[in-house]
Amino acid sequence: MNQPSILELVSFGSDGWGKALLAGAWMTILIALAGYSIGTAIGSFGAWAKISGGRSVRLAADTYTTVLRGIPDLLVIFLFYFGGSTVVTAVGRLFGAEGFVGFPGFLAGSLAVGVTSGAQFTEVFRGAFKAVHPGEIEAAIACGMGRSLRFRRIIVPLTLRHALPGLGNIWQVVLKESALVSITGVAELLRQTQIAAGSTGLPFDFYLIGGGVYLVISTGSGILLRRAEKHFTRGVRRA
């Protein structure tokens, strides 16, 4: 029997895996977006803690970034998935439930990716804030801007402008980290690729296809991020 071509393998017919791979790609994007959003929120708070927080808050933020940047991302996913399942099972028993209750893989993976990337967001936002020239903030104060208005109109826009390159790099990292969530059983792109490879006995072909899909997503999102960076840095003098 002749081996099917790449086009036949990725077709949307009854014998093709196109629909499954497309669904997996969409799930990958959802996990990455969820993790990225969670990481942004954590990183914003972490950057504030390192810049303006008290001594104990700064110590907590430093500990968080040191720990999360120093342990493997896969281990964090395991901790959230199995730790979350343990907690949910214990809570279920309090209400009379029997047996093991699994923590949702999508939620565990998104939280793990978000908490892990949050350490990187913290450093990116902190560095971006430090890059804002003090004279611009002083000028806003001289114009009579209140603290909240100064934060919205001056600090946030300028910080984001300086942070954009780093935020783009974090997105690419988060996108690749989403593949690790396959260990929880979530049918994202890598998981669907593994299933297709095992079902057809064509691992090289499907892993090659999966790599190509990841590359398309990464390249496409990279183009959008570069356009966003170009848009928000218009009129900025380059050194």
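Both backbone and side-chain heavy atoms feed into the values below; hydrogens, waters and symmetry mates do not. This structure is a prediction, so every number in the text was calculated from the model and none was measured.
- Sorted by first and then second residue, the pairs that involve residues 74-93 and meet ring pair (Phe, Tyr, Trp, His ring centres under 6.0 Å), not counting sequence neighbours, are F78-F82.
- In terms of heavy-atom proximity, E229 sits nearest to P165 at OE2-CG, 3.3 Å.
- Residues passing the ring-ring contact (aromatic ring centres under 6.0 Å, His included) test with W48, sequence neighbours excluded: F45.
- When every heavy atom of G222 is checked against every heavy atom of Q172, the shortest pair comes out as CA-NE2, 3.5 Å.
- L224 forms part of no hydrophobic cluster, judged by ILVMFWY side-chain heavy-atom separations under 4.5 Å.
- Across A131 and H162, no two heavy atoms sit closer than the pair O-NE2, 3.7 Å.
- I71 and V173 fall into different hydrophobic clusters, where Ile, Leu, Val, Met, Phe, Trp and Tyr residues are linked whenever their side-chain heavy atoms come under 4.5 Å apart, directly or through other members.
- Rounded to the nearest 0.5 angstrom, L158 CG and E136 CD are separated by 5.0 Å.
- Within a 6.0 Å radius of CZ in F12, other residues, nucleotides and ligands contribute more than 12 heavy atoms.
- S11 pairs by the side chain to side chain contact (heavy atoms under 4.5 Å, CB included) definition with nothing, not counting sequence neighbours.
- For V88, the side chain to side chain contact (heavy atoms under 4.5 Å, CB included) partners two or more places apart in sequence, or in a different chain, are V101, F103.
- Legend: residues meeting side chain to side chain contact (heavy atoms under 4.5 Å, CB included) with L149, ordered by chain and number and at least two apart, are M145, R152, R153.
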Please output the side-chain donor-acceptor pairs of residues 201-216 that fall under 3.5 Å, not counting sequence neighbours, one pair per line with the distance.
{"from": "D205", "atom 1": "OD2", "to": "Q3", "atom 2": "NE2", "distance (Å)": "3.1"}
{"from": "Y214", "atom 1": "OH", "to": "E188", "atom 2": "OE1", "distance (Å)": "3.2"}
{"from": "Y214", "atom 1": "OH", "to": "L190", "atom 2": "N", "distance (Å)": "3.4"}

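- Of all non-hydrogen atoms in F121 and G43, the two that sit nearest each other are CB-CA, 3.6 Å.
- V115 and V57 fall into different hydrophobic clusters, where Ile, Leu, Val, Met, Phe, Trp and Tyr are joined by side-chain heavy atoms under 4.5 Å apart, directly or via other members.
- L94 belongs to a hydrophobic cluster whose remaining members, ordered by chain and number, are V87, V91, F95; membership requires side-chain heavy atoms of ILVMFWY residues under 4.5 Å apart, directly or through intermediates.
- Rounded to the nearest 0.5 Å, atoms OG1 (T65) and CG (L68) are 8.5 Å apart.
- Under the rule for a side chain to side chain contact (heavy atoms under 4.5 Å, CB included), the partners of T63 that lie at least two apart in sequence or sit in another chain are L59, V67.
- Both V10 and I195 are part of a single hydrophobic cluster, where members link through side-chain heavy atoms under 4.5 Å apart.
- Once rounded to the nearest 0.5 Å, the distance linking CD1 of I77 with CD1 of I183 reads 5.0 Å.
- For the pair W171/S218, no side-chain contact is recorded, criterion being any heavy-atom separation below 4.5 Å from C-beta on.
- Every pair passing salt bridge (Lys or Arg N to Asp or Glu O under 4.0 Å) that includes a residue from residues 45-63 is listed here, sequence neighbours excluded: K50-D62, K50-E123.
- Among all heavy-atom pairs drawn from R126 and A47, the shortest one is N-CB, 3.8 Å.
- Sorted by first and then second residue, the side chain to side chain donor-acceptor pair (under 3.5 Å) pairs involving residues 100-122 (not counting sequence neighbours) form an empty list.
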When the side chains of residues 28-38 are checked against the rest of the protein, which donor-acceptor pairs come out under 3.5 Å, sequence neighbours left out?
{"from": "T28", "atom 1": "OG1", "to": "G24", "atom 2": "O", "distance (Å)": "3.1"}
{"from": "T28", "atom 1": "OG1", "to": "L189", "atom 2": "N", "distance (Å)": "3.0"}
{"from": "Y36", "atom 1": "OH", "to": "L167", "atom 2": "O", "distance (Å)": "2.9"}
{"from": "S37", "atom 1": "OG", "to": "L33", "atom 2": "O", "distance (Å)": "2.8"}

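- Going from atom CG of D73 over to atom CD of E177 covers 4.0 Å, rounded to the nearest 0.5 Å.
- To the nearest 0.5 Å, the span separating CZ on F129 from CD1 on I51 amounts to 5.0 Å.
- Residue I170 holds its CD1 atom at 13.5 Å from CG of L175, rounded to the nearest 0.5 Å.
- Nearest approach of V181 to G105, heavy atoms of both residues: CG1-O, 4.0 Å.
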